[in-house]
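Numbers for residues simply follow the sequence, beginning at 1.
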Amino acid sequence: MRDGAESFALADRTFFDWPGNWDLEATRFPAPPLPDGWTRDDNDAWTFCRPPEDHLPDQGWKIHVSAAQEDAHRTLADVAAYCTRHGIAFKYLKSANVLRALSRKYAQRSSAGKLLTVYPVDEAELARTLEGLDALVGGRPGPYVLTDLRFREGPLYVRYGGFRTRYMEDADGELVTAFRRPDGTPEPDRRAPVFRTPDWVATPDILKDSLAARQAVDDFPYRITGALHFSHGGGVYRAEPAGEHALGAGERSVVLKEGRPYSGTDGVGRDAVARLAHEHRILAKLAGLPGIPRTFGTFQVRDHLFLVLEEVEGQDFQSWLAGIYPLTVPEPDEAAVAAHRDRALALFGRIEALIASVHGRGVRIGDLHPGNFIIQPGDIPVLLDFEVADAIDLATPSSLGAPGFHRADATGADGDHYALAAIALWLFLPLAALGGLAPDKASALLDTAARRFGLPGDLVARLAPQLAPNDNTTSPLRSAPGAFPPPDVLTSIGRGLRDSATPHREDRLYPGDFAQFAEGGAGFGHGAAGVLWARHTVLGERDEEGAAWLRAAVDRVPAERTGFYDGLHGMAYVLRELGDDEGALRALDRAADRLSVRHCPSLYRGLSGVGLNLLHFADALDSDALRQQALGLADRVTERLAAARTEPVEHKRRRGSTHAAGLMYGWSGPALFLLRAHRATGDRGLLDEAVRAVHRDLDRCASGPQDTLQADEGFRLLPYLDNGSAGIALVAAELLRHRDDARIREALPALLRACSSDFVIESGLWGGRAGLIGTLATLREWVPLPAETAERQLRRHLTNLHQHAMTLNGATVFPCDGRARISMDVATGGAGVLLALGAAERGTELLPFLTDSRSAAAVHSAAPERARGAHGAATPTAPSGTAGTADNGREVS
């Protein structure tokens, strides 16, 4: 799963949900008694308890209290009693299941381990409270809170941070929690998994001994040379023995696996220390087998356990497959397809032999999936990670497993046999994780893989029974039947959207990617606004109940979340489209006074999305004031662009708009805004800037296979709509309608060729097949192929959507990015697929603002030309019909 997804996947097997909704009533902690006048309020995971007079400052030193599962009730009761007796505000997790969710292996490390938070009003109360609580609960077991300083022996942990939620924009344009420096300027309240204090905050005397203990150097027998992996259970590190006393001292380099106590728990409650000690015992039992790493034993530092392993040279399995997979190009070479089949079958035979040798030692692996293999030169597999391995004749299921590679009810060796079959499928169609959602999906994918790669019949006959759904299936999801897309696919997707609505909930209207919980559940990208607009645009539906929900959400979304795709401006746009002008204006008003502190130029959450919306409302309401606001934002965007163009190009995995390429996070979104601002004013200077913005995105692209041009992140090339070729192509084509720029004109065919890959791992609009479909459909006249070839590639995409599609109660639905749950949102789920299919089949809009039906000549005849000075001031210049050039371009509007 993607980072952070696991906690949101526990409450519901179909959709992401708050961990606080995971069997809440059955596992809710007893509510501590509160004195008269105290208040108790719930949110998604926490219950807040406040005294009658709330004198809390905005920020300060807070105390976190951790607890082992079996001791949580007692610790909660004792700490709550102390706080109520002394009038100190506190909060606690609502249920034992939330505590379990925040203790699991892949829980977010920055928030894991906390049972309560206590809020002293000043440093004097901090000292009294620490002493008082230490006398009550000091020394009790509990996980380490990685963001904090441990007080004495725990389970009390302390950090400086915000008490009341405030937001600011960080360097990448993300809204992050913040506190204020003494001079009043905001500073990000970083919650990274390491203790640090702001440079202007002194450590209180009560904490100095604890700080000295933390900074004391342990006698650690290794020198860490690199980090390979992190989870809440601990890290995995590359290291060198620091002396002869180190285990494996004869090795040049070793791997250290760390286990943290009471952390990284699995399905049966074992923590990382218990699993790591167990893994050492299993490895000792398997010693000497080819494909099993050697172990040099374990050692303990403080209460952390370390397992020492030989370092295995090679590639991780996913990278190995990505490097040779033949279907990620527009026109796969059939000889390459056959060569891949033969090579993959040979590797799979070696994997089967390796697993058989492990079974021969009486061990089942339990958590068998591609992420636990290294492929050495010569395609030799090495198996890693035996944390949940156990006796092969054990009559209980494995306690952990990767979605699509783990059958929850399988016992003995049956679970490994299912995982082996899923790995075989994954080698040819890397969508095996979908089998974790729809029980019959793996069988459908096997049929597809067998036809596409010409798999041997005896292999298919052997895999099919393993991948077939069993009789214990309770999932409501099924693989979409028949040819795809069926004639009623738009209606069917629409029904899935309608049926999933939860208007009784305030946190979300439609289930989507778990990102919706960070953004408030109402935005265009991951929330209600986008789904309502997709239904309205493609199906002509106006959902009165949904519109009322969205209008009410205007007052719930933080006013700092002003963006088009993540906040109030997108909500305003959709409310007006649905006929609710009053609600739309309310959303604009809430966002208005926050724009001065936003600097991110992106389309998704920054100035460009807001500016496009202001131009839209300026035209709709004939408001010169809104138009001037938008043009002021255009000035700020051009200033950011000028600064960015002086920076070196970095090919990194970044979504900030100065370090990414594409429509949502790169400079193509700002280019679209500057183009529309040019259309509103006739200012050729804005058109010049739009061209330069697209050039900046092209600077971040690299040539790919078969004459494609794709966004380069340094370790991969991306063709997608949000952060890749497709998004750049959409704006490049629109820009060429107004300015003939040689570089953009020459790049567009290669950008579009990148949108025709045979295989795409995700289905969604932002980062998957739907975005490629929508781009090719929107830019049909620009596709650099014969008409019949272009149509064939578009139809191939439409047909291959079947690989991702499922049904829920008969309605067509699609998985989110990562394929862990079903999503209905625009960015990753069904609403985005609906928009793409609408563009392909009905010619409806793919997204707002991408096309402009107004005549350029009409705009230019209505608006005088402006030339922009250093601060964007307008001065009269030549008439708008006068030819102008920029970057060797020729204006054609």
Side-chain angles (χ1 to χ4, degrees), residues 1-7 9 102-113 143-144 146-147 192-194 220 222-240 248 251 253-266 270-280 282-283 292-296 298-299 301 304-322 365-376 381-389 399-403 405-406 433 652-653 713-716 818 820:
M1 290 189 186
R2 290 153 48 211
D3 289 347
E6 184 185 34
S7 295
L102 298 182
S103 300
R104 290 176 70 97
K105 183 174 181 178
Y106 290 104
Q108 288 186 317
R109 299 166 69 230
S110 60
S111 59
Y144 203 105
L146 293 173
T147 55
V194 61
F220 197 77
Y222 294 88
R223 181 170 56 257
I224 303 295
T225 59
L228 303 175
H229 177 70
F230 286 108
S231 73
H232 179 47
V236 180
Y237 309 95
R238 182 180 290 112
E240 296 175 350
E251 298 293 307
S253 182
V254 296
V255 170
L256 303 181
K257 290 186 69 174
E258 175 190 24
R260 300 174 52 239
Y262 310 106
S263 302
T265 54
D266 59 20
R270 290 186 303 179
D271 70 1
V273 170
R275 287 202 310 279
L276 204 58
H278 174 75
E279 181 173 13
H280 179 236
I282 293 293
L283 284 169
I292 304 298
R294 290 178 295 158
T295 175
F296 303 113
T298 62
F299 67 94
V301 174
H304 292 210
L305 184 68
F306 290 86
L307 172 63
V308 188
L309 301 169
E310 71 166 316
E311 183 176 19
V312 178
E313 299 291 342
Q315 280 185 292
D316 66 83
F317 205 174
Q318 291 97 329
S319 297
W320 179 91
L321 183 64
I365 296 148
D367 186 20
L368 183 61
H369 60 87
N372 284 345
F373 282 93
I374 293 290
I375 309 301
Q376 294 187 302
V382 177
L383 180 60
L384 312 174
D385 197 345
F386 294 85
E387 289 185 7
V388 300
S399 59
L400 279 178
F405 299 89
H406 176 245
K652 291 184 176 181
R653 190 174 190 172
E713 287 197 332
F715 69 102
R716 62 177 180 176

A.B. asks: Taking all non-hydrogen atoms of both residues into account, name the closest pair between V312 and Q376 and its distance.
C.D. replies: CG1-NE2, 3.6 Å

A.B. asks: Are any of the side-chain heavy atoms of P370 and F405 separated by less than 4.5 Å?
C.D. replies: yes

A.B. asks: Under 3.5 Å, is there a donor-acceptor pair between the side chain of T265 and the main chain of S263?
C.D. replies: no

A.B. asks: Which atoms form the tightest heavy-atom contact between A274 and R270, and what is the distance?
C.D. replies: CB-CB, 4.4 Å

A.B. asks: Might you point out which heavy atoms bring A272 and G259 nearest each other, and give the distance in Å?
C.D. replies: CB-CA, 3.9 Å

A.B. asks: For the pair L283 and L307, evaluate side chain to side chain contact (heavy atoms under 4.5 Å, CB included) and give the outcome as yes or no after the intermediate values.
C.D. replies: CA-CA 11 Å; L283 284 169; L307 172 63; 4.1 Å; yes

A.B. asks: Test your reading of the model: is there a side-chain donor-acceptor pair from T225 to the backbone of R238, 3.5 Å cut-off?
C.D. replies: yes

A.B. asks: Rounded to the nearest 0.5 Å, what separation is found between the CD atom of E313 and the CD1 atom of I374?
C.D. replies: 9.5 Å

A.B. asks: Please list, chain by chain and in numerical order, all residues satisfying side-chain hydrogen bond (donor to acceptor under 3.5 Å, both in side chains) with E310, sequence neighbours excluded.
C.D. replies: none

A.B. asks: Got a donor-acceptor contact below 3.5 angstrom from the T295 side chain to the V308 backbone?
C.D. replies: yes

A.B. asks: Taking F386 as the fixed residue, which of L276, D367, I292 is the one that meets the side chain to side chain contact (heavy atoms under 4.5 Å, CB included) rule?
C.D. replies: I292

A.B. asks: To the nearest 0.5 Å, tell me how far T298 OG1 sits from L309 CG.
C.D. replies: 11.0 Å

A.B. asks: What is the distance from atom CG of L384 to atom CZ of F373, rounded to the nearest 0.5 Å?
C.D. replies: 8.5 Å

A.B. asks: Quick one: are F220 and L256 in side-chain contact, heavy atoms under 4.5 Å?
C.D. replies: yes

A.B. asks: Grab the two heavy atoms, one from V388 and one from G366, that are nearest each other, plus how far apart they are.
C.D. replies: CG2-C, 4.0 Å

A.B. asks: Sub-3.5 Å donor-acceptor pair from the side chain of R275 to the main-chain atoms of G233, do we have one?
C.D. replies: no

A.B. asks: Taking it one step at a time, do L368 and L383 satisfy side chain to side chain contact (heavy atoms under 4.5 Å, CB included)?
C.D. replies: CA-CA 9 Å; L368 183 61; L383 180 60; 3.9 Å; yes

A.B. asks: How would you list, by chain and number, every residue that makes a ring pair (Phe, Tyr, Trp, His ring centres under 6.0 Å) with Y262, sequence neighbours excluded?
C.D. replies: none

A.B. asks: Would you say the side-chain atoms of R260 pair up with the backbone N or O of H232, donor to acceptor, closer than 3.5 Å?
C.D. replies: yes

A.B. asks: Between F296 and F306, is the ring centroid distance below 6.0 Å?
C.D. replies: no

A.B. asks: If every non-hydrogen atom of S7 is compared with every non-hydrogen atom of L102, which pair is closest and at what distance?
C.D. replies: OG-CD2, 4.4 Å

